[in-house]
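This report refers to the structure that appears directly beneath it.
Just so we're on the same page: letters track the sequence lines, and every chain starts at 1. Because the structure is predicted, anything quoted here is derived from the model rather than measured.
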Amino acid sequence: MGKNQNPEELAKILFEFSYRHEMLGVPFKPRAYQLASESVGALGGEVVETWRKDGIKGLKSLPGIGQSIAEKIDEYFRTGKIKEYAQMKKSFPVDIWGLSRIEGLGPKHIRDLYAHLKVKDVDDLKKALKEQRIRKIPRWGAKSEDKLARGLGLMESSSERKLLGEILPVAEAMVEKLKRMKGVKHCVVAGSIRRMQETVGDIDLIATSDDPKAVMDAFVKLPQVSSVHEKGATRSSVRLALGLDADLRVVPDKVFGATLQYFTGDKRHNVLLRELALSKGFTLNEYGLFTLKRVKGKHLPSKLVVCKTEEEIYSKLGMDTPPPEIRVGADEIEAALKHRLPALLPYDALRGDMHTHSTWTDGTASIEDMAKTAQAHGLTYQAVTDHTKALAFIHGLDEKALLKQCREIDALNKKLRGFTLLKGTECDILQDGTLDLADSALAELDWVGVSIHSHMRLSRAEQTKRILKALANPQVDCFFHPTCRLIGQREPIELDLDEVLAAAKKFRVALEIDSLPDRSDLRDAHVRAAVRAGIAITIDTDAHHPDHYAFARLGIGVARRGWATKADVLNTRSLPQLKKYLEKKKRK
DNA sequence: GCCGTTTTCGGCCCGACTGTTTTCAGTCG
């Protein structure tokens, strides 16, 4: 058994290797270590699993990890440290990772700060700033010292990633304002928001205009802006009052496609795409795809090929256009080259919502008001799934109350036109895996969702056993927000995903994507695994308030990031089709 | 140090902005 298997710390160590090589001017290694660090960060616990199963050989099969780095990871997992890293720390005892968090502070500056002022960490930096010693370093001045102080301030005023659900409307409001300007043809959101990432580090906007300067002037004066980092002819960057940055690029209309492609990212997707372009004799930048000529060993763009739309660019590279949501720099490029991209579920494909609440428990609106809002959002049915009695503090329903609710739903269904309510529940899974309501009561319902709201700290083995027992109950149709995480607030429960997927498949239980902004659960990677396993998905809002129906597009974004198609998602079916599915399940 | 529908050797993404310069280095996305 190893001593230290913390993938997060490992990612930081690899990052520090990258920076150290960069400081020393070593070519190519910085990027190799950077990629390895990102890879480990993204894989998380999977790195440890891979190492446990297949050792160094397994590690080498991971992206960005070859012989040398695999050996270092192996050493770290076995002994808890890496000799070469310890030596590096001895000769350069600097908290590289901590300092690098500061905007504008890169490897060369960290090197110089230590060489001239013996700055080892953020505290040393603060002292040096206070005593105005930094401006005395060669090639530094009062302005760059100020800039560094600002960067430090920004970091300390917590610049954590924000929830997509919170930022998306803000970005769209900014776009709407700029769009209305004279001379502006296009104005759109790019970056991680366009990719529908669950959290967002900054807002990337792109505009095309005959009068770029006017757009820039308007941008830095938007009401959401609190200060301006940079303002140029084609690019500006500002700080927003709600605590994150927004960038705007303004380009000529004729290169819109290239710019949109470029600033949609993600970074790794773009690096791979530019490498692919190079291998086919092109070079790609934000102004288009160019044929390449070599002058004195240097690549120079020569003739413009295409730039009007993203599709043109991908097509010239011999591939289909991957939807933004799956541009992560992994197998989407290969799939696009082989013309094997899936037809992702469209944003308007949902017909119903399988998880909603009402004033019967902790919702804020009556069943009827919720139904009317759902219908206004284009849905034709929804399941009413209030909580059960284990959640006593919100008056969860017992069997008797549930029957009473069913009678109300019967009455409402007679009254509603073009909309149907399904009788359902969000039934608690108790600690031992039994359900909070009697099977006889569950059998009366159209739709039984189950979920966990207690005992979230069970061991992986216990938690998995608990869930498997619940899913094996023949009354259960769906497992709601399976990992129980709350982004930025609560870690996911420990569970063996492979076993849970296998059980869901065996017992024909659907897995839910809960669209609430801080849940986003299942998450993208889990969705992809579920889709691969052929398990049905539902995309629900878990609406506790009429406004929550608007979050459905977040859940659809997650599903698309998980390569889900319309056929994979249960509530894209019409009500008769859904009923047929449920009847078939009951017969099994 | 990693990687392979031109390669197991010889490649390795690209441009804007800032600050301190006087033609460029550093950082970022």
With DNA chain B as reference, determine whether A:Pro27 or A:Phe282 sits nearer its 5' end, using the nearest nucleotide of each.
A:Pro27

Distance, C1' atom - from B:dT20 to B:dG26, rounded to whole angstrom:
11 Å

Whole-Å distance, A:His21 NE2 to B:dC2 C1', equals 13 Å

Residue pairs involving residues 552-565 of chain A (criterion salt bridge (Lys or Arg N to Asp or Glu O under 4.0 Å); sequence neighbours excluded)
A:Glu172-A:Arg553, A:Glu325-A:Arg560, A:Asp524-A:Arg561

Quote, to the nearest angstrom, the C1' distance that separates B:dC17 from B:dC12.
25 Å

Contacts satisfying ring-ring contact (aromatic ring centres under 6.0 Å, His included) that involve residues 229-268 of chain A (not counting sequence neighbours) are A:His186-A:Phe256

Quick test: give all pairs of protein nitrogen or oxygen and nucleotides 16-18 of chain B nitrogen or oxygen below 3.5 Å, distance rounded to 0.1 Å.
unit_1, atom_1, unit_2, atom_2, d
B:dA16, OP1, A:Tyr287, OH, 3.2
B:dA16, O3', A:Thr234, OG1, 3.1
B:dC17, OP1, A:Ala233, N, 3.2
B:dC17, OP1, A:Thr234, N, 3.0
B:dC17, OP1, A:Thr234, OG1, 3.2
B:dC17, OP1, A:Arg235, N, 2.9
B:dT18, OP1, A:Lys231, N, 3.2

Rounded to whole Å, CZ of A:Arg274 lies from C1' of B:dC12 at a distance of 13 Å

Show the numbers, then the answer: is there a side chain to side chain contact (heavy atoms under 4.5 Å, CB included) between A:Phe219 and A:Val228?
CA-CA 10 Å; A:Phe219 174 63; A:Val228 180; over 6 Å; no

Side chain of A:Val271 - closest among B:dC14, B:dC2, B:dC13
B:dC13

Using a 5.5 Å cut-off between ring centres and planes within 30 degrees, is A:Phe28 stacked on the base of B:dC12?
yes

Tell me the interatomic distance from A:Tyr19, atom OH, to B:dG1, atom P, rounded to whole angstroms.
20 Å

By the salt bridge (Lys or Arg N to Asp or Glu O under 4.0 Å) test, which pairs, at least two apart or in different chains, include something from residues 15-26 of chain A?
A:Glu16-A:Lys89

The nucleotide from B:dT20, B:dC13, B:dG1 with an atom nearest the side chain of A:Ser144 is B:dT20

Could you pick out which residue, A:Asp202 or A:Tyr33, lies toward the 5' side of DNA chain B when each is mapped onto its nearest nucleotide?
A:Tyr33

In a table with atom names and distances, give each donor-acceptor pair under 3.5 Å that connects a side chain of residues 95-106 of chain A to protein atoms at least two apart or in another chain.
unit_1, atom_1, unit_2, atom_2, d
A:Asp95, OD1, A:Gly98, N, 3.0
A:Ser100, OG, A:Ile96, O, 3.3
A:Ser100, OG, A:Trp97, O, 2.8
A:Arg101, NE, A:Trp97, O, 3.4

Whole Å only: how far is the CG atom of A:Leu289 from the P atom of B:dC14?
11 Å

Short heteroatom pairs, N/O only, protein and nucleotides 3-8 of chain B, under 3.5 Å:
unit_1, atom_1, unit_2, atom_2, d
B:dC3, OP1, A:Gly64, N, 2.6

Does any pair with a residue in residues 331-345 of chain A pass salt bridge (Lys or Arg N to Asp or Glu O under 4.0 Å), and if so which ones, sequence neighbours excluded?
A:Asp331-A:Arg528, A:Asp331-A:Arg532, A:Glu334-A:Lys338

Pairwise salt bridge (Lys or Arg N to Asp or Glu O under 4.0 Å) hits with a residue in residues 263-285 of chain A, at least two apart:
A:Arg31-A:Glu275, A:Glu38-A:Arg268

Checking contacts here: which listed nucleotide (B:dC14, B:dG19, B:dG1) is nearest the side-chain heavy atoms of A:Asn285?
B:dC14

Hey, does A:Leu284 reach any base, or is it just sugar-phosphate, or nothing, if we go heavy atoms under 4.0 Å?
sugar-phosphate

Short of 4.0 Å, heavy atom to strand atom, which residues of residues 320-333 of chain A count as contacting DNA chain B?
none

Atom-pair distance (NZ on A:Lys267; P on B:dT27), nearest Å
13 Å

Can a salt bridge be assigned to the pair A:Lys231 and A:Asp217 using a cut-off of 4.0 Å between side-chain N and carboxylate O?
yes

Whole-Å distance, A:Glu275 CD to B:dC14 P, equals 9 Å

Rounded interatomic separation in angstrom, taking CZ from A:Arg111 and P from B:dG26
6 Å

Contact under 4.0 Å: A:Arg139 side-chain N or O vs B:dG19 OP1/OP2
no

Could you give the distance separating B:dA25 and B:dT21 at their C1' atoms, to the nearest angstrom?
9 Å

May I ask you to say what A:Ala142 touches in the nucleic acid, namely base, sugar-phosphate or nothing, with a heavy-atom cut-off under 4.0 Å?
sugar-phosphate

Is the shortest side-chain N to carboxylate O distance from A:Glu286 to A:Arg235 below 4.0 Å?
no

Would you mind classifying the nucleic acid contact of A:Arg135 as base, sugar-phosphate or nothing, using non-hydrogen atoms under 4.0 angstrom?
nothing

Looking only at non-hydrogen atoms, find the nearest pair between A:Leu289 and A:Ile313 and report the distance.
CD2-O, 4.4 Å

Between A:Ile193 and A:Asp204, does the side chain to side chain contact (heavy atoms under 4.5 Å, CB included) criterion hold? Intermediate values first, please.
CA-CA 8 Å; A:Ile193 299 178; A:Asp204 280 301; over 6 Å; no

Contacts of A:Ala149 meeting side chain to side chain contact (heavy atoms under 4.5 Å, CB included) (sequence neighbours excluded), chain-then-number -> A:Leu129

Close residues, residues 91-109 of chain A, relative to DNA chain B [heavy-atom separation under 4.0 Å]:
A:Ile102, A:Glu103, A:Gly104, A:Leu105, A:Gly106, A:Pro107, A:Lys108, A:His109

Qualifying residues under side chain to side chain donor-acceptor pair (under 3.5 Å), relative to A:Asp124, sequence neighbours excluded
none

Using a strict cut-off of less than 4.0 Å between a Lys/Arg side-chain nitrogen and an Asp/Glu carboxylate oxygen, indicate whether A:Arg78 and A:Asp74 qualify as a salt bridge.
yes

Ionic contact status for A:Glu75 with A:Lys83, cut-off 4.0 Å
no

State the pairing partner of B:dT8; accept Watson-Crick or G-U wobble contacts with both distances under 3.5 Å, and report none otherwise.
none

What is the distance from NE2 of A:His269 to C1' of B:dC13, rounded to the nearest Å?
13 Å

